[in-house]
Amino acid sequence: MKMIFAIVNKDDSGAVSSALTRGGFSVTKLATTGGFLMAGNTTFLVGTEDDRVDDVIAIVEKQSKKRTQMVPSTTYGASEYAAYPVEVTVGGATIFVMDVERFEKV
């Protein structure tokens, strides 16, 4: 059994959640904040059998869109003298897959 942590942009969380549920997966959603842009994310926890891990990843990948966003350069890490907007890529997903030693539903 595996535990999958999928961190997605908050704008994609509804689509990811719906698609995972339609795919027959039990999902726990956590509201999280990224450290780089301090933007809202959603972290999904999905427990599944080893042979369904690729299915979860495919669903998350399909529903998590990369997009560009303008952010103040001071947020992005530039000096205070260059306070102009900078275009960065946001979205997509970061996925961690871990072994589960024990699982119980009580």
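What you are looking at is a predicted structure, and each value in this text was computed from that prediction instead of being measured.
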- Message: Please report the interatomic distance NZ(Lys65) to CG(Asn9), rounded to the nearest 0.5 Å.
- Response: 12.5 Å
- Note on the structure: CD1 of Ile7 to CG of Leu30, rounded to nearest 0.5 Å, is 10.0 Å
- Answer with yes or no whether the hydrophobic clustering places Met98 together with Phe103; edges join I, L, V, M, F, W, Y residues whose side-chain heavy atoms lie under 4.5 Å apart. yes
- Query: Lys29 pairs by side chain to side chain contact (heavy atoms under 4.5 Å, CB included) with which of Val8, Thr42, Leu20, Val16?
  - Reply: Thr42
- Query: Of the non-hydrogen atoms in Gly47 and Met1, which two are nearest, and what is the gap between them?
  - Reply: C-CE, 4.5 Å
- Flag side-chain contact, heavy atom, 4.5 Å: Thr33 against Asn41: no
- According to the salt bridge (Lys or Arg N to Asp or Glu O under 4.0 Å) rule, which pairs have a member within residues 55-64, sequence neighbours left out? Arg52-Asp55
- Note: Gly92 and Ser64 closest approach over all heavy atoms is O-CB, 3.4 Å
- Task: Please identify each residue that fulfils side chain to side chain contact (heavy atoms under 4.5 Å, CB included) with Glu101, with sequence neighbours left out.
- Result: none
- Query: Going hydrophobic residue to hydrophobic residue with side-chain gaps under 4.5 angstrom, can you get from Met3 over to Val46?
  - Reply: no
- Note on the structure: Residue pairs meeting salt bridge (Lys or Arg N to Asp or Glu O under 4.0 Å), one or both in residues 3-20, sequence neighbours left out, come to Asp12-Arg67
- Task: Identify, with sequence neighbours excluded, every residue that meets side-chain hydrogen bond (donor to acceptor under 3.5 Å, both in side chains) alongside Arg22.
- Result: none
- Message: Are the side chains of Thr48 and Phe25 in contact, using a 4.5 Å heavy-atom criterion?
- Response: yes
- Across all chains, not counting sequence neighbours, the side-chain hydrogen bond (donor to acceptor under 3.5 Å, both in side chains) partners of Ser26 are none
- Sorted by chain and number, sequence neighbours left out, side chain to side chain contact (heavy atoms under 4.5 Å, CB included) with Lys2 holds for Asp50, Val53, Val97, Asp99
- Message: According to side-chain hydrogen bond (donor to acceptor under 3.5 Å, both in side chains), who are the partners of Thr32, at least two apart in sequence or on a separate chain?
- Response: Thr43
- Please examine the side chains of Leu45 and Phe5, heavy atoms only from C-beta on, and report whether any two atoms are closer than 4.5 Å. yes
- Query: Any donor and acceptor pair, going by atom type alone, linking the side chain of Ser17 with main-chain N or O of Ser13 inside 3.5 Å?
  - Reply: no
